[in-house]
2 protein chains.
Amino acid sequence: MSADPEWRTVRRVRTHEQVLIQIQERILNGQLRIGDRLPSERELVQVLGVSRNSVREALRVLEAMGIIDAHTGSGRDAGSTVAGRSTDALSNLLRLHMALAQFRLGDLVDVRIELERLAVRQASAEADPAELTQLRSLTEAMTRPGLDHERFHELDSEFHIRLARASHNALAADLMQALRDAVKNEMLAAFARVHDWDAAVASLTAEHLAILTAVEAGQGDEAETLVARHIRAFYDSVGGESPSSD
Amino acid sequence: MSADPEWRTVRRVRTHEQVLIQIQERILNGQLRIGDRLPSERELVQVLGVSRNSVREALRVLEAMGIIDAHTGSGRDAGSTVAGRSTDALSNLLRLHMALAQFRLGDLVDVRIELERLAVRQASAEADPAELTQLRSLTEAMTRPGLDHERFHELDSEFHIRLARASHNALAADLMQALRDAVKNEMLAAFARVHDWDAAVASLTAEHLAILTAVEAGQGDEAETLVARHIRAFYDSVGGESPSSD
DNA sequence: TTCCTCTATGTGGTAGGACCATAGGGCTGG
DNA sequence: CCAGCCCTATGGTCCTACCACATAGAGGAA
């Protein structure tokens, strides 16, 4: 009596999910674009025939996904507008699932390496001078002596993310940034395990410089090799085998 | 009077965000693990000193992120439990941001190729016999004549996703699945543009078989080359240059 | 005793109302 | 003309009530 195809279990769809679905449909079929304003919460209550609670739950979810922004007040910015802030939402999502051990750190490193390779390869072909100039000044900033872990990580992240942006592949760049955000704490912990910090900084910075030089010269293959080695080397040296807790 | 370091603009943190933060903290530092039950909504109201609305908005966000599941009733499943359903949330997020044109289809294809390469390379080294058997039966299912677009896409997706799972890199597999979900409609549209459907199915299936054979033989490099060509060829043949609307 | 049924209780789900904080717009008085 | 005030629309929060659901336990029937 279980496999009877005549009967299908009813799927209970909560109200706020139905609201969510209707808004998502309008985004997916292009009726709602970035910058558009949604009706006010109270208007949605009227047109959808649901409570304001349900409307708000749907809007809060969309906001957490970076799909909409909400502002109080009247005129212009007020109300909910379609946004498109993908990066933060992606980071948050990955970080939490990382914490839930859905993903191993090693897995993430492997994925990151592939993304970095894609990034430098395409950056070698597509980066424009302004972007390269910014990258170069970043590598210089990293040579400044006395950088602490936090600050160095910041510059390091910015270098890799800007490199990804320079590839003009927005998805790769967003994913890269999200992955880096998601493992920031692990990275800082790894920094803390480094024996000779100054030497590590020097060699990492030198590697950055070499990668950037290859990108500037349009040598995509060389840049790929260098960036893969750059990441793998660091991870192998301090990444540790302990996959887990505390 | 604007750059005075003594004064910093206050950051308004809405209450439901504070609830969100507290729960996220407990996940990030390991206090909450998959399977754990959260206090009931009414209990959280008490201990946090906020309204049930705010609690619910936070929980709905977490649920949409695949972090928790919620069930009514009493005992066992009832209440909110920590879950870890990363895939659906990731797909949804990417699909919406794709629709908002945050990402170009070409960008996504490039990323997908890198992930597929990683997947087949590691699957060549790590896949176990059971997984390979399943993959092979999938390729056989795809040779069945008369498959419509929808059904073929389903099998095609399952092949690639199972291949990724066989690499034992959960992050890569999840991302792959999310990317495929996000562009399902574009894929079906591409199928509709194919002139000789039967011939296309035949060649795609043959390519799958070749990839799988390379993976079974542990020839990672060969599999990488084949899978990259497989995706690129299809996209170039029917992907079209039109990046956009309607 | 055993089994069934009904009830109590605890859970999330929904609704509606009230009020607050904010940010423009418009009016009013100087 | 302008400064200041009030009005209004928006999201933000809280509260209360009630519904739907699922289990556990009490109580009755065989």
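Note that these values count all heavy atoms, side chains included, but never hydrogens, waters or copies made by symmetry. Below, chains carry the letters A, B, ... as their sequence lines are ordered, and counting in each starts from 1.
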For [X], what residues pass the side chain to side chain contact (heavy atoms under 4.5 Å, CB included) criterion, not counting sequence neighbours?
X: E63(A); answer: R60(A), I68(A), A70(A), R14(B)
X: T72(A); answer: none
X: H153(A); answer: S157(A), R180(A), K184(A), M187(A), L188(A), F191(A)
X: L28(A); answer: R95(B), L96(B), A99(B)

Give every residue pair that meets the side chain to side chain donor-acceptor pair (under 3.5 Å) criterion with at least one member in residues 76-85 of chain A, sequence neighbours excluded.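 Non-adjacent pairs meeting side chain to side chain donor-acceptor pair (under 3.5 Å): D69(A)-R85(A).
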Nearest-nucleotide 5' precedence on DNA chain C, T72(A) against R37(B):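 It is R37(B), whose closest nucleotide lies nearer the 5' terminus.
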Nearest heavy atom decides the nucleotide; on that basis, is A78(B) or G73(A) closer to the 5' end of DNA chain C?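 On the 5' side of the pair lies A78(B).
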Could you tell me how far apart [X] ([atom1]) and [N] ([atom2]) are, to the nearest whole angstrom?
X: E43(A); N: dT10(D); atom1: CD; atom2: C1'; result: 10 Å
X: L38(A); N: dT10(D); atom1: CG; atom2: C1'; result: 13 Å
X: R12(B); N: dT13(D); atom1: CZ; atom2: C1'; result: 11 Å
X: D69(A); N: dG12(D); atom1: CG; atom2: P; result: 11 Å

Which residues satisfy the salt bridge (Lys or Arg N to Asp or Glu O under 4.0 Å) test with R37(B), sequence neighbours excluded?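 Listed in chain order: nothing, the list is empty.
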Relative to each other, are the rings of H208(A) and F152(A) parallel, tilted or perpendicular (30° and 60° limits)?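 Taking F152(A) first and then H208(A), their aromatic rings lie parallel (interplane angle under 30°).
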Contact between R165(B) and Q134(B) at the side-chain level, heavy atoms closer than 4.5 Å - yes or no?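 Result no, sub-4.5 Å side-chain heavy-atom pair not found.
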Would you tabulate the pairs of protein nitrogen or oxygen atoms and nucleotide nitrogen or oxygen atoms of nucleotides 15-18 of chain D closer than 3.5 angstrom?
unit_1  : atom_1 : unit_2 : atom_2 : d
dC15(D) : N4     : N53(B) : ND2    : 3.4

Worked check of side chain to side chain contact (heavy atoms under 4.5 Å, CB included) between L108(A) and E186(A): CA-CA 12 Å; L108(A) 191 142; E186(A) 282 85 345; over 6 Å; no
Distance-minimising heavy-atom pair for [X] and [Y]:
X: S86(B); Y: F103(A); answer: OG-CZ, 3.8 Å
X: L115(A); Y: L175(A); answer: CD1-CB, 3.9 Å
X: G66(B); Y: A83(B); answer: O-CB, 3.9 Å

When you look at R151(A) and D156(A), which way does the salt bridge (Lys or Arg N to Asp or Glu O under 4.0 Å) test go after all the steps? CA-CA 9 Å; R151(A) 182 74 187 124; D156(A) 183 40; over 6 Å; no
Count the heavy atoms belonging to other residues, nucleotides or ligands that lie under 6.0 Å from CZ of R26(B), then report whether that count exceeds 12.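 Not more than 12 within 6.0 Å, no.
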At a cut-off of 3.5 Å, list every protein nitrogen or oxygen paired with a nitrogen or oxygen from nucleotides 3-8 of chain D, distance to 0.1 Å.
none

OP1 or OP2 of dT13(D) versus the side-chain N and O atoms of T15(B): is any pair under 4.0 Å?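 Answer yes for this pair, as a side-chain N or O of T15(B) is under 4.0 Å from OP1 or OP2.
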Residues touching DNA chain D, which here means a heavy atom under 4.0 Å, drawn from residues 54-66 of chain A: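 Listed by number, they are R56(A), R60(A).
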What are the residues of residues 18-25 of chain B, sorted by number, that bring a heavy atom to within less than 4.0 Å of DNA chain D?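 Per residue number, the list is empty: none.
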Can you name the side-chain hydrogen bond (donor to acceptor under 3.5 Å, both in side chains) partners of H97(A), sequence neighbours left out?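 Listed in chain order: nothing, the list is empty.
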Going through the checks in order, is the salt bridge (Lys or Arg N to Asp or Glu O under 4.0 Å) test met by E57(A) and R56(B)? CA-CA 8 Å; E57(A) 285 175 16; R56(B) 281 183 61 82; 2.9 Å; yes
Along DNA chain C, first and last positions that approach a heavy atom of chain B under 4.0 Å: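 Listed 5' to 3', the contact boundaries are dG10(C) to dT14(C).
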